[in-house]
Amino acid sequence: MENTPRVFALVDCNNFYVSCERVFNPKLADKPVVVLSNNDGCAVARSNEVKALGVKMGTPWFQMQPLARQHGIIALSSNYTLYADMSQRVMTILRDFSPEVEVYSIDESFLGLQGLSRLWPTYTDLGQAIRHRVGQWTGLPVCVGIAPTKTLAKLANHLAKTRPEFAGVCDLTVLKEGQLAGYLACLEVGEVWGVGRRIAARLQALGIGSVQALRATPPHVIREHFGVVMERTVRELRGISCLDLEEVAPPKQQIIASRSFGAPVISQEELREAVSRYMQTAAEKLRQQGSVCSAVQVFIHTNPFKTHDRQYSTGVVVPLTQATDDSRRLVAAALWGLARIYRPGYCYKKAGVMLLDLAPASVRQASLFSQVNPRTAHLMRVLDELNAAHGRNTIHLASSGIQQRWAARFDHRTPRYTTRWDELPRVHA
DNA sequence: TCTGGGGTCCTAGGACCC
DNA sequence: TCTGGGGTCCTAGGACCC
């Protein structure tokens, strides 16, 4: 495969969260459906019917009330347990098709395809086979984009989703240059992976409006205006692969756990409960990736949308004397930090913690001055195993409270169909 | 009444030192 | 009256992604 040019596929689930809900509730098919973020705040997934109504990603649910009533939009709280499980099923299927899979997000993966062309008449046939099997085995619709670079594969996927003539699979490698330029001339520059709202506006100001126009701009010109990252993007658009597959995810450099509250919080006592709980979630993730951390950050803030309220937003970093993954020590550090920044008299909306300065746990164990207590490691393992078996937060430190009045609301949650015995879908004869 | 959460990378600017 | 310059480190904030 030395001289075989790279070929990437991007497999992306259509309207992923909405599609997951439809698998288990067929009545949602063809209806306008949105899935809402935590606290039933914003639309984070929209069915095609909702997109056609002009609802943008991130629109607050309360703002689309008139439209929702008029068109019968169905709103569901997000059911992350279900989506994560469905995602795993899709990714498992993709591994049957290619030995090289990079899981890029919960609903999309890059596949390395070069070398597989001998097994299939065309890459398009391979893409259709993926669509068919994922559809048959999970019920989820996916589209496939195929191209010599990841950036082009992203665009190919977009074409596969929006142009009916591709029937869900778009292979740019078989297009003639003129055809490719024609398609790219119809796409706005903001569709390019790595070009967001701000950069799109600046490109427009330079007279670069379409993807084809960006592709036709010399990379060094782009570098002068936008830096090395955007220059790489232009090279990728020109078919020169600069971004390779990352099949093994590198360990995270920071771990965040934060939530908006379901109800306003004023007292330090309730903030302590929330911070304690978030830290226990973060610590679990830390141990999962086999890391220890040597600094934690705590932050709290009021609701920035309530402009008439007095605002307060701050955070503090608490260094640890030695790196650890012990929930009890991490929670203690976070609560110490909270006491430093808490001010009475504010209506708090959100709190969070960050784990910083992460390092592999194995390095710490080699250190002379920080012996690991084997009983701590055992305790944490038992904690994690119990919570994995019986659901997050089954066992927790007392400092995170019992009532948790501040916990986020999920008023439209659907059952966790695939991961809880008592929530399995029922079939009525 | 009601506006998400979790990441990465890059850069500008301040603090500090010599 | 006249008030350096360069390097490093750290942090905050911007921009992007899903």
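Keep in mind it's a predicted model, so treat the numbers as computed, not measured. Each chain gets a letter, A, B and so on, in the order its sequence line appears, and its residues count up from 1.
- The interatomic distance linking Lys252(A) (NZ) with dG7(B) (P) rounds to 6 Å, in whole Å.
- Here dC17(C) presents its P atom at 12 Å from CZ of Phe110(A), a figure rounded to the nearest Å.
- Cation-pi contact between Arg413(A) and Phe410(A): present, with separation from the ring centre below 6.0 Å and deviation from the ring axis of at most 45°.
- With both pairing distances under 3.5 Å, dC16(C) is matched to dG7(B) as a Watson-Crick or G-U wobble pair.
- Geometrically, Lys350(A) does not engage Phe261(A) in a cation-pi contact defined by less than 6.0 Å to the ring centre and at most 45° from the axis.
- Whole-Å rounding puts the Leu355(A) CG to dT8(B) P distance at 12 Å.
- Among the atoms of the strands shown, none is found under 4.0 Å from any heavy atom of Val35(A).
- Heavy atoms of Val195(A) sit under 4.0 angstrom from primed sugar atoms or phosphate atoms, though from no base atom.
- Backbone-only engagement by Trp193(A) is indicated by non-hydrogen atom pairs under 4.0 Å involving sugar-phosphate atoms exclusively.
- Ring planes of Tyr417(A) and Phe24(A): parallel class, angle under 30° (limits at 30 and 60°).
- Of the charged side-chain nitrogens involved, at least one lies within less than 4.0 Å of a carboxylate oxygen, so that Glu102(A) and Lys150(A) count as a salt-bridged pair.
- Across all strands, Gln65(A) comes closer than 4.0 Å to no nucleic acid atom at all (heavy-atom distances).
- Leu36(A) comes within 4.0 angstrom of no nucleic acid atom, judged by non-hydrogen atoms across all strands.
- In this structure, Asp107(A) reaches the sugar-phosphate backbone alone: every heavy-atom distance under 4.0 Å involves primed, P, OP1 or OP2 atoms, never a base.
- Distance NZ (Lys306(A)) to P (dC2(B)): 4 Å, rounded to an integer number of Å.
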